[in-house]
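Ligands are counted one by one from 1 in listed order, and the atoms in each one are counted from 1 as well.
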Amino acid sequence: MSYFDRCLYILVDGARPDVIQYLVNQGLLPTIETFFLKEKKVESATTCFPSSTGPAYTPFLTGCYASTANVPGSRWIEKEHFPYDKKLSFKGSRSYVGYEASRIDKDLNPEISTLFEVFEDSYSWASPINRGVPTKRQIGGITDSLFIFAKISHYWEVIDAVGFSKIKKLIKGDWEFAFFVFPAVDELSHNTSPFSKRTLSQYIRLDKYLKHIISDLKKTGKLESTAIIITSDHGLTKTTKHFDLSGFIANIGERVFKYPISFSKKKTCAVLETGNGMAHLYLSDNMDGKWSPNRLADSEMINRAIIPSLLRRQEVDHVLTTNESGEILVRNNKGTGYIRKDGSTIHYEVEGEDPLRYDFSSEKFTDYESLTQTYDGPYPDVLVQYSQIFDSKRTGDIIVTAKLGYDLRKRMEFPLHKATHGNNLRGQILVPLLTNIPISEGKYRTIDVFPTIIDSVDGSRLKGLKYEGRSLVSRK
Ligand SMILES: [Zn+2]
């Protein structure tokens, strides 16, 4: 049974569910409150690690984690193709922050499908991922002059306003899927704070836009047949201190490759930040600068100073590596956690103090238990998220995450960020999940959004698709 004919997807980049809940409690988001909430409760979901624009769009647009989609960061290298001995070359490396942004469509795993490919008539506005949208239906992109104006002037509210006017124009038309990104909350949070007056005002403005959209849908008789979904790709937490990770790695003797540019020849370490609450580190086999295509195991990096030096830094939250048995090691300076996947079962054991700060009563979890048992703690869904990220060949030998209040990039960031995402921290990994699709009770991930949307419009289209989430549609 289908509930709807089409889906309007509103992505409020950087929106936090607790900020929406706070504003609802103040009576400042009346449209969201009356149209989407039961007893004023804002539902939430976990996005994926790294919680950053680009990688964190893959869960809801493809139903797959960032690693399965093969874009495990906003910046990455592929060791096999990385020309470590050339002075200037970006072959085998990528940064979606800048002119390479549009290459993400080609970088996506060809075995997975986007919602734009599942639905025949689709539109997108300001989306970093557009695979499957006909060019003339990509009605606004981040390289357009309007977006360049917003970037220079920091007047991001104008992009949301234009996005809203484009939705209004589309409402009467016949289409199956329209995906609209509202980037102002993310950008204003980075430039001011996730809780600044200007950022909060933008949530209130979006609620007013929604009021008009819903009333226009009513007038055209399309409200009952349109699934509406509002989520985000990540939250943001306040940042007060910046740790120059690439400078730090260079100071301990490594020849560093970094974005936007690197001059050193025979590089020994690539430092690629995402969000900037996490970074992938890729290492040569030894200090002679020889690189092998495969990920180095934890024991193969024992002669380098990188891991012990990072563990001594107060800015660093976790250092993640893998060992020969395929376990993921989660370290801080007080202890090590070992995550092991065994089919759909996840094992977690600790040596010393638990770096995740959970007091688990068991060492064995199903996939869903690992979500429910971590959801209310400091790192929601961390066991699954920290293990999925290592499924891509483009993931680093080491992953570093930044503690709350810090990020990992000090130079070449304009303007310097006052808020951060990328890590698995609660304020960064939780996103709102607001929808008129009847969904079952429980805990959710944004990978569930992809099958949920398809199921609510035409469930038969899920057949043959490769995806990792589950449909949340309630059939009661
Ligand atoms: Zn951002």
Under the criterion ring-ring contact (aromatic ring centres under 6.0 Å, His included), I'd like the reasoning laid out for Phe179 against Tyr9: C-alpha separation, chi angles, the key distance, then a yes or no.
CA-CA 5 Å; Phe179 182 68; Tyr9 198 129; 5.1 Å; yes
For the pair Arg94 and Asp107, evaluate salt bridge (charged side-chain N to carboxylate O under 4.0 Å, His left out) and give the outcome as yes or no after the intermediate values.
CA-CA 9 Å; Arg94 194 75 79 243; Asp107 293 336; 2.8 Å; yes
I would like to know whether Phe82 and Tyr282 meet ring-ring contact (aromatic ring centres under 6.0 Å, His included); could you show each step before the answer?
CA-CA 10 Å; Phe82 180 56; Tyr282 309 78; 7.8 Å; no
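Between Phe147 and Trp156, the angle of the ring planes goes over 60°, which puts this pair in the perpendicular group of the 30/60° scheme.
When distances to the Zn ion (ligand 1) are checked against a cut-off of 2.8 Å, Asp186 contributes an N, O or S atom below that limit. Backbone or side-chain N, O or S atoms of His417 do not reach the Zn ion (ligand 1) at under 2.8 Å.
The minimum distance between the Zn ion (ligand 1) and any N, O or S atom of His421 involves atom NE2.
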